[in-house]
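In this chain, residues are counted from 1 in sequence order.
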Amino acid sequence: MFDYQGHQAIYYGDRNKYRLPDYHRLDVSVTFGENLRLDRRGKGSWTFSVVNVYGRKNPFSVFYKKDVPNADNNYRHYSLYKLYIIGRPLPTLTYNFSF
């Protein structure tokens, strides 16, 4: 973003040139019931997992949004926003059946 003749303009670089900040997360899962036989046709198991255990906000996308200039946004026309998909720990419980 730069000022040109008193107006703010957004400069988009070459395609695929911009890099997002480093992305990392920790996923943990535990599976119970490998030997829980329902009958001779199949078996079932339970899986408990937590996605993004430590709750890091990893940006999925970055974009500009046009704002009304005021004192809160330092009289800028555009603001940079980051889109987060999973910003907190997400627990899941799954039942798997195989035959």
Side-chain angles (χ1 to χ4, degrees):
M1 189 165 38
F2 62 95
D3 290 324
Y4 178 73
Q5 295 181 353
H7 298 284
Q8 281 189 340
I10 298 174
Y11 172 73
Y12 295 100
D14 295 336
R15 183 178 180 159
N16 298 328
K17 188 175 181 180
Y18 179 76
R19 292 212 172 256
L20 292 173
D22 292 336
Y23 181 100
H24 61 90
R25 70 180 196 208
L26 175 66
D27 300 341
V28 178
S29 66
V30 177
T31 302
F32 298 103
E34 277 297 316
N35 58 1
L36 290 177
R37 288 216 175 259
L38 298 175
D39 59 12
R40 292 184 178 171
R41 294 183 182 183
K43 63 181 180 178
S45 64
W46 288 96
T47 302
F48 175 73
S49 62
V50 179
V51 177
N52 196 11
V53 172
Y54 48 84
R56 181 179 163 97
K57 289 185 175 181
N58 294 306
F60 179 76
S61 178
V62 177
F63 60 95
Y64 288 98
K65 181 179 176 186
K66 189 170 184 176
D67 292 333
V68 176
N70 58 27
D72 292 336
N73 61 13
N74 201 15
Y75 298 101
R76 292 183 182 159
H77 293 280
Y78 295 95
S79 296
L80 182 68
Y81 289 93
K82 296 179 182 179
L83 174 67
Y84 304 106
I85 300 296
I86 302 173
R88 60 183 62 176
L90 178 67
T92 61
L93 181 63
T94 307
Y95 180 73
N96 299 307
F97 179 75
S98 60
F99 52 95

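No side-chain heavy atom of Phe48 sits less than 4.5 Å from a side-chain heavy atom of Ser29.
The distance from the CD1 atom of Ile85 to the CG atom of Leu90 is 12.0 Å, given to the nearest 0.5 Å. Taking OG1 from Thr47 and OH from Tyr95, the interatomic distance works out to 10.5 Å, rounded to the nearest 0.5 Å.
Looking at Asn52, its side chain never comes within 3.5 Å of a backbone N or O of Pro89 through a donor-acceptor pair.
In this structure, Trp46 is a member of the same hydrophobic cluster as Val50, with clusters built from ILVMFWY side-chain heavy atoms closer than 4.5 Å. In this structure, Tyr23 is not a member of the same hydrophobic cluster as Leu83, with clusters built from ILVMFWY side-chain heavy atoms closer than 4.5 Å.
Considering all non-hydrogen atoms of both residues, His24 and Asn58 come closest at O-ND2, 3.0 Å.
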